[in-house]
S.K.: 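I'd like to ask some things about the structure below.
If you're wondering where the values come from, they're calculated on a predicted model, not measured in any experiment. Heavy-atom basis, side chains included; hydrogens, waters and symmetry copies ignored.
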Amino acid sequence: MTNSDPPLLNHYGALFSSNSPQLDDPKNRLVIEECQLPLIDLSGLSNHDETVRRACVAAICGASSEWGFFQVLNHGISPQLVEQMRSEQVKLFKIPFERKSSCGLLNNSYRWGSPRATCPKQFSWSEAFHVPLTKVSDEACYGEFISLRAVMIEFAAAMSKLAGLLGSILTANLGHGKEVIKNLCDEGTCFLRLNHYPACPISPEILGLVCHTDSDFLTILCQDQVGGLQLMKDSKWVTVKPNRDALIVNIGDLFQAWSNGVYKSVEHKVVTNAKMERYSIAYFLCPSYDSSIGSFKEPSIYRKFTFREYRDQVQEDVRKTGYKVGLPRFLVSGRGDLLTGSME
């Protein structure tokens with residue numbers, strides 16, 4: 001068995017040698033179907049016909065309620081910028097593991113595998129850089145990767161603008177002003193995550209990213225054509241077919257709580273590929289740590305909590321058990337449906 005870079009094979013060596021039955025998770029054996037997420041053309045938002053504009057808004061809000069996921073076209077991020085970002089991302093991940101893990105690149109944000117895993121089904125076969133928006137323009141973060149900085153700055157700005165637009169539409173749909181989401185969110189907590197999923201020839205049941213929901217308002221994902229994203233829909237896993245021209249948007253836990261369950265934060269995961277590596281970039285729209293998250297109407301499913309309180313509780317749950325309990329911890333007694341216990 002050859003070594004891997006990052007050293008995922010070494011990290012999971014005991015698992016591979018024991019052929020642990022914990023890999024055979026019944027949840028992973030549910031029927032898998034390929035799906036086409038709702039595809040929304042955002043050019044409709046600027047159409048001169050009010051009917052078209054309203055239809056576009058309705059599609060965004062409807063998909064957020066029914067699916068928790070949707071795709072957007074004509075999103076304002078050029079194919080050229082996406083290709084530049086992808087090219088720089090590949091160069092970054094190609095450097096040896098020892099340098100990635102020790103040279104302090106991108107605010108020393110490199111992560112790999114699942115060091116907090118307590119059982120095999122919690123292992124993630126992937127590596128990533130988690131870059132706070134406040135550090136994107138910091139020259140000291142880039143070292144020799146000077147060309148990455150200009151591309152990251154432009155890409156982050158474009159993703160921020162798109163996230164703000166979608167967030168304002170979703171809050172306005174609930175009867176709030178479009179500025180609400182802008183006032184809540186903070187560059188200090190929003191971030192970009194550059195993901196790399198190496199080919200995994202060991203077992204198709206090893207996940208690239210474990211089953212989880214996102215702990216933010218919303219996430220925007222730019223992925224390549226390899227595929228691997230799966231989400232839970234109607235109690236079964238469905239595979240998302242990549243669309244070269246589209247970005248994927250999904251609702252996070254905070255919007256589910258803030259909307260009183262109108263918008264859905266849906267479990268999702270990334271499966272591995274035996275022969276092909278996969279790259280993606282995710283943008284996470286988050287509020288300031290002291291922002292109060294409370295349902296927009298009564299009776300409320302969830303009690304009020306701050307983003308700091310939520311993140312601290314999630315991290316504590318993962319540290320102790322390997323699992324993210326998430327929103328169920330903040331339910332008002334006797335109200336609402338529990339989210340399935342998911343992983344961070």
S.K.: Could you tell me whether a side-chain N or O of Trp125 sits under 3.5 Å from a main-chain N or O of Ala199, the two making a donor and an acceptor?
M.R.: yes

S.K.: Hey, quick one: are Phe284 and Ile220 part of the same hydrophobic cluster, counting side-chain heavy atoms closer than 4.5 Å, chains of contacts allowed?
M.R.: no

S.K.: Run the salt-bridge test on Arg86 and Glu83 with the 4.0 Å N-O cut-off and return the result as yes or no.
M.R.: no

S.K.: Let's go through Glu309 and Arg303 carefully: what are the C-alpha distance in whole Å and the side-chain angles of both, what is the deciding distance for salt bridge (charged side-chain N to carboxylate O under 4.0 Å, His left out) to 0.1 Å, and is it a yes or a no?
M.R.: CA-CA 12 Å; Glu309 181 184 4; Arg303 68 173 177 82; 3.1 Å; yes

S.K.: Determine whether a donor-acceptor pair (N or O, by modelled atom type, separation under 3.5 Å) exists between the side chain of Ser288 and the backbone of Asp186.
M.R.: no

S.K.: I'd like to know if Met152 and Val90 are part of one continuous hydrophobic network [Ile/Leu/Val/Met/Phe/Trp/Tyr, side-chain heavy atoms within less than 4.5 Å].
M.R.: yes

S.K.: Would you mind listing every salt bridge (charged side-chain N to carboxylate O under 4.0 Å, His left out) that reaches into residues 63-77, with sequence neighbours excluded?
M.R.: Glu66-Lys233

S.K.: Check step by step if side chain to side chain donor-acceptor pair (under 3.5 Å) holds for Ser64 and Lys264.
M.R.: CA-CA 6 Å; Ser64 298; Lys264 303 299 189 295; over 6 Å; no

S.K.: Please set out all donor-acceptor pairs under 3.5 angstrom arising from side-chain atoms of residues 161-169, sequence neighbours excluded.
M.R.:
| from | atom 1 | to | atom 2 | distance (Å) |
| --- | --- | --- | --- | --- |
| Ser168 | OG | Gly164 | O | 3.3 |
| Ser168 | OG | Leu165 | O | 2.7 |

S.K.: Pairs in or reaching into residues 97-115: which pass salt bridge (charged side-chain N to carboxylate O under 4.0 Å, His left out), with residues at least two apart or in two chains?
M.R.: Arg99-Glu144, Lys100-Glu127

S.K.: Keeping the roles fixed (side chain from Ser65, backbone from Val262), state whether a donor-acceptor pair exists under 3.5 Å.
M.R.: yes

S.K.: Counting distance only, does the side-chain N/O of Ser300 pair as donor-acceptor with the main-chain N or O of Phe296 below 3.5 Å?
M.R.: no

S.K.: If a pair satisfies side-chain hydrogen bond (donor to acceptor under 3.5 Å, both in side chains) and one of its residues is in residues 216-228, list it, with sequence neighbours excluded.
M.R.: Asp214-Thr219, Asp216-Thr219, Gln223-Arg278

S.K.: How would you list, by chain and number, every residue that makes a side-chain hydrogen bond (donor to acceptor under 3.5 Å, both in side chains) with Ser137, sequence neighbours excluded?
M.R.: none

S.K.: Side chain of Tyr283, backbone of Ala158: donor and acceptor closer than 3.5 Å?
M.R.: no

S.K.: Give every residue pair that meets the ring pair (Phe, Tyr, Trp, His ring centres under 6.0 Å) criterion with at least one member in residues 40-89, sequence neighbours excluded.
M.R.: Phe69-His268

S.K.: Atom CD of residue position Gln36 - does it have more than 12 heavy atoms of other residues, nucleotides or ligands inside 6.0 Å?
M.R.: yes

S.K.: State whether a side-chain donor-acceptor pair under 3.5 Å links Ser147 with Glu88.
M.R.: yes

S.K.: Establish, yes or no, whether a centroid distance under 6.0 Å links the rings of Phe97 and Trp112.
M.R.: yes

S.K.: For Ser87 and Gln84, indicate whether the former's side chain and the latter's backbone hold a donor-acceptor pair under 3.5 Å.
M.R.: no

S.K.: Do Val52 and Ile60 land in one hydrophobic cluster if side-chain heavy atoms of ILVMFWY residues count as linked below 4.5 Å?
M.R.: no

S.K.: In chain order, what residues pass the side-chain hydrogen bond (donor to acceptor under 3.5 Å, both in side chains) check against Gln71, with sequence neighbours excluded?
M.R.: none

S.K.: In chain order, what residues pass the salt bridge (charged side-chain N to carboxylate O under 4.0 Å, His left out) check against Glu154, with sequence neighbours excluded?
M.R.: none

S.K.: Could you name each residue pair satisfying salt bridge (charged side-chain N to carboxylate O under 4.0 Å, His left out) that touches residues 34-52, not counting sequence neighbours?
M.R.: Glu50-Arg54

S.K.: Would you check if the side chain of Lys269 reaches a backbone N or O of Leu229 as a donor-acceptor pair within less than 3.5 Å?
M.R.: no

S.K.: Closer than 3.5 angstrom, by distance alone: can the side chain of Arg53 be matched with the main-chain N or O of Asn47 as a donor-acceptor pair?
M.R.: yes

S.K.: Between Ser295 and Asn260, does any side-chain donor sit less than 3.5 Å from a side-chain acceptor?
M.R.: yes

S.K.: Do Asn173 and Tyr263 pair up side chain to side chain, a donor and an acceptor below 3.5 Å, judged on atom types alone?
M.R.: yes

S.K.: Look at the rings of Phe93 and His196 and say which category their plane angle falls in: under 30° parallel, 30 to 60° tilted, over 60° perpendicular.
M.R.: tilted

S.K.: Using side-chain hydrogen bond (donor to acceptor under 3.5 Å, both in side chains) as the criterion, list what pairs up with Thr306, not counting sequence neighbours.
M.R.: none

S.K.: Going by the salt bridge (charged side-chain N to carboxylate O under 4.0 Å, His left out) test, which pairs reach into residues 70-79, not counting sequence neighbours?
M.R.: none

S.K.: Is Val314 reachable from Phe191 through a run of I, L, V, M, F, W or Y residues, each pair having side-chain heavy atoms under 4.5 Å apart?
M.R.: no

S.K.: Once you measure the plane-to-plane angle for Phe330 and Tyr310, does it fall in the parallel (<30°), tilted (30-60°) or perpendicular (>60°) bin?
M.R.: tilted

S.K.: Is a side-chain donor-acceptor pair under 3.5 Å present for Asp317 with Gln313?
M.R.: yes

S.K.: For the hydrophobic clusters of this structure (ILVMFWY residues joined by side-chain heavy atoms under 4.5 Å, transitively), does one cluster hold both Tyr110 and Tyr142?
M.R.: yes

S.K.: Are a donor atom and an acceptor atom from the side chains of Ser109 and Lys135 found within less than 3.5 Å of each other?
M.R.: no

S.K.: For the residue pair Phe307 and Tyr289, categorise the inter-ring angle as parallel (less than 30°), tilted (30 to 60°) or perpendicular (more than 60°).
M.R.: parallel

S.K.: Hey, what else clusters with Val226 if you join Ile, Leu, Val, Met, Phe, Trp, Tyr whenever side-chain heavy atoms sit under 4.5 Å?
M.R.: Met276

S.K.: Return yes if some donor-acceptor pair links the side-chain N/O of Thr189 with the main-chain N/O of Pro287 below 3.5 Å, else return no.
M.R.: yes

S.K.: Whether the Thr239 and Gln230 side chains hold a donor-acceptor pair (N or O, under 3.5 Å, no angle test) is what I'd like checked.
M.R.: yes

